[in-house]
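Have a look at the structure below, then the notes.
Residue numbers begin at 1 in each chain, while the letters A, B, ... track the order of the sequences. Computed from heavy atoms alone, side chains included, the values below leave out hydrogens, waters and symmetry copies.
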Protein chains: 2
Amino acid sequence: MTDERSFLDGYDPAAFPAVAVTVDVVALTIRDGRLHVLLVERGGHPFAGWRALPGGFVRDEPLDAAALRELGEETGLRPGEGPLERVHLEQLRSYGDPGRDPRMRVFSVAYLAFAPSLPDPRAGTDASGAFWVPVDEAGELAFDHAAILADGLDRARAKLEYTPLATAFVGPEFTIAELRAVYTAVWGEELHAGNFHRKVLSVPGFVESTGETAARAGERGGPKPRLYRAGDARLLHPALLRPAREEDVR
Amino acid sequence: MTDERSFLDGYDPAAFPAVAVTVDVVALTIRDGRLHVLLVERGGHPFAGWRALPGGFVRDEPLDAAALRELGEETGLRPGEGPLERVHLEQLRSYGDPGRDPRMRVFSVAYLAFAPSLPDPRAGTDASGAFWVPVDEAGELAFDHAAILADGLDRARAKLEYTPLATAFVGPEFTIAELRAVYTAVWGEELHAGNFHRKVLSVPGFVESTGETAARAGERGGPKPRLYRAGDARLLHPALLRPAREEDVR
DNA sequence: AAAATAGTGTCTTTTAGACATTATGGT
DNA sequence: ACCATAATGTCTAAAAGACACTATTTT
């Protein structure tokens with residue numbers, strides 16, 4: 001409230017009870033048709049040996065920059081370059097319950113990242129502790145990270161409906177089938193191939209044709225599919241709604 | 001990253017660079033058919049005399065509790081009692097750019113509150129500095145609060161589409177016309193009365209009939225409208241989509 | 001040759017939206 | 001008497017969803 005704000009004026013910052021602010025990243029990608037999340041294995045206490053979301057303290061930088069930096073450090077990739085160039089990053093929400101970190105009051109701003117299949121983090125760099133895990137095999141995580149992951153998955157599933165976010169999971173050029181595989185992996189539901197195809201092409205700005213076709217058809221035959229790239233839409237109208245399940249509604 | 005986390009173990013918390021965490025609340029209500037936001041006038045520097053969102057430092061409490069407490073303090077109402085009993089409160093997002101507060105690094109977790117028309121804060125209590133302002137007359141705000149307000153409005157407008165949130169703006173019993181007035185005020189668009197009426201009743205769980213009718217008709221006549229209360233739906237299926245505007249899509 | 005897939009066509013059901021109609025109860 | 005409104009009806013257009021079919025390419 002107002003009094004408290006003015007209270008801060010001229011106050012010695014060091015006298016405040018110590019709090020820390022971190023970013024944690026729910027980085028999602030699709031490998032072999034399954035949705036994976038980037039996890040690290042913790043070295044120190046607490047939760048030593050547990051899996052956790054990658055993250056770390058916010059430095060003298062904007063929150064978005066901190067999240068991108070952490071993602072780069074854990075994957076061993078340069079933020080904004082190469083594979084991380086096309087990463088979609090958005091803020092998820094913040095977590096700050098007292099006691100969520102046993103050492104001190106730690107507020108975490110969680111981020112959600114979507115990336116096309118990235119190389120394995122172990123390869124080469126010092127990002128040794130990170131690895132991709134299928135989301136349904138994440139198991140127990142340190143701190144409240146399991147809840148953060150669940151929130152991130154909810155957000156991702158919802159955003160596929162009304163934004164062209166699925167294109168962030170594929171390369172710069174992709175087939176309709178690849179796009180459908182994203183929806184299948186994230187939603188965990190099979191979609192009718194024919195209807196999906198027509199639907200995607202009918203939504204203005206979702207995808208645009210490159211005029212090219214893939215060099216090869218699928219492993220098990222079929223015509224060479226046409227290639228598309230992401231269009232300029234920021235919202236899908238009409239949206240690609242997933243079938244409403246009764247339990248979600250009540 | 002992992003190293004930094006273990007780095008924290010056994011570390012002296014007071015040695016960390018001072019940061020503060022606040023909550024700021026975008027509290028929305030509808031008065032006289034117009035969407036209003038709760039603002040306070042700042043006493044101290046910086047931004048002395050400017051309008052700002054109500055907010056304050058997070059104490060030894062969960063973030064949600066901090067937001068509800070601040071809302072109670074500014075409105076002079078008891079959290080969880082009386083008018084604040086039915087308040088809908090949800091986290092909006094966090095803001096933490098260096099320099100957003102000139103005094104020190106301040107992270108703010110913004111909350112969004114929806115309430116039926118609340119009494120004027122000035123009445124009685126020491127919540128003297130707060131007042132309801134039509135959102136389109138909010139003008140310039142302290143810190144980055146104008147951006148926070150804009151984000152809150154975006155969120156509110158979007159959530160009316162696919163959640164029964166509009167019922168949080170009306171009393172426990174309401175007419176379809178009152179519900180329509182909420183949509184009109186938040187979206188700033190007129191809706192077709194007849195189609196809206198049928199649509200609301202057709203969405204499962206959005207509203208349920210009380211069997212009663214209002215004691216009186218509208219000021220300018222007409223039949224006595226039936227009364228409804230909020231149903232048990234958490235999501236609207238199918239959603240109440242607002243007409244897609246081209247500029248939102250690209 | 002067999003099998004799988006890309007892309008399209010067709011039909012039905014659902015939903016959105018424009019518009020009209022009736023009855024009610026204020027001024 | 002007049003008028004705004006509640007509630008419902010009707011019709012059309014758009015979209016969703018089920019299903020079928022053809023052409024193409026791989027093993």
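Evaluation of the salt bridge (Lys or Arg N to Asp or Glu O under 4.0 Å) test over residues 195-220 of chain B, restricted to residues two or more places apart or in two chains, returns B:E208-B:R229.
For A:D97, the side-chain contact (heavy atoms from CB on, under 4.5 Å) partners at least two apart in sequence or on another chain are B:P62. Partners of B:E161 according to the salt bridge (charged side-chain N to carboxylate O under 4.0 Å, His left out) rule, which considers only residues two or more places apart in sequence or in another chain, are B:R242. Contacts of B:Y228 classified as side-chain hydrogen bond (donor to acceptor under 3.5 Å, both in side chains), with partners at least two apart in sequence or in another chain: none. Legend: residues meeting side-chain contact (heavy atoms from CB on, under 4.5 Å) with B:A230, ordered by chain and number and at least two apart, are B:T167. Scored by the side-chain contact (heavy atoms from CB on, under 4.5 Å) test, A:A185 finds A:I30 as partners (sequence neighbours excluded). Evaluation of the side-chain hydrogen bond (donor to acceptor under 3.5 Å, both in side chains) rule for A:K159 yields A:E90 as partners, not counting sequence neighbours. Partners of A:D154 according to the side-chain hydrogen bond (donor to acceptor under 3.5 Å, both in side chains) rule, which considers only residues two or more places apart in sequence or in another chain, do not exist here.
Nucleotides of DNA chain C lying under 4.0 Å from heavy atoms of chain A occupy a range whose first and last members, 5' to 3', are C:dA4 to C:dT10.
Between the side chains of A:D64 and A:Y111, a donor-acceptor pair is found at a separation under 3.5 Å.
A heavy atom lying under 4.0 Å from DNA chain D marks the following residues of residues 161-199 of chain A, by number: A:H192, A:N195, A:R198, A:K199. Only A:R216, A:A217, A:G218, A:E219, A:G221, A:G222, A:P223, A:K224, listed by number, bring a heavy atom of residues 212-231 of chain A to less than 4.0 angstrom from any atom of DNA chain D.
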Can you list, pair by pair, the side-chain donor-acceptor contacts under 3.5 Å of residues 130-138 of chain B, counting residues two or more places apart and other chains?
residue: B:D136; atom: OD1; partner: B:R34; partner atom: NH2; Å: 3.1
residue: B:D136; atom: OD2; partner: B:R34; partner atom: NH2; Å: 3.4
residue: B:E137; atom: OE2; partner: B:R34; partner atom: NH2; Å: 3.2

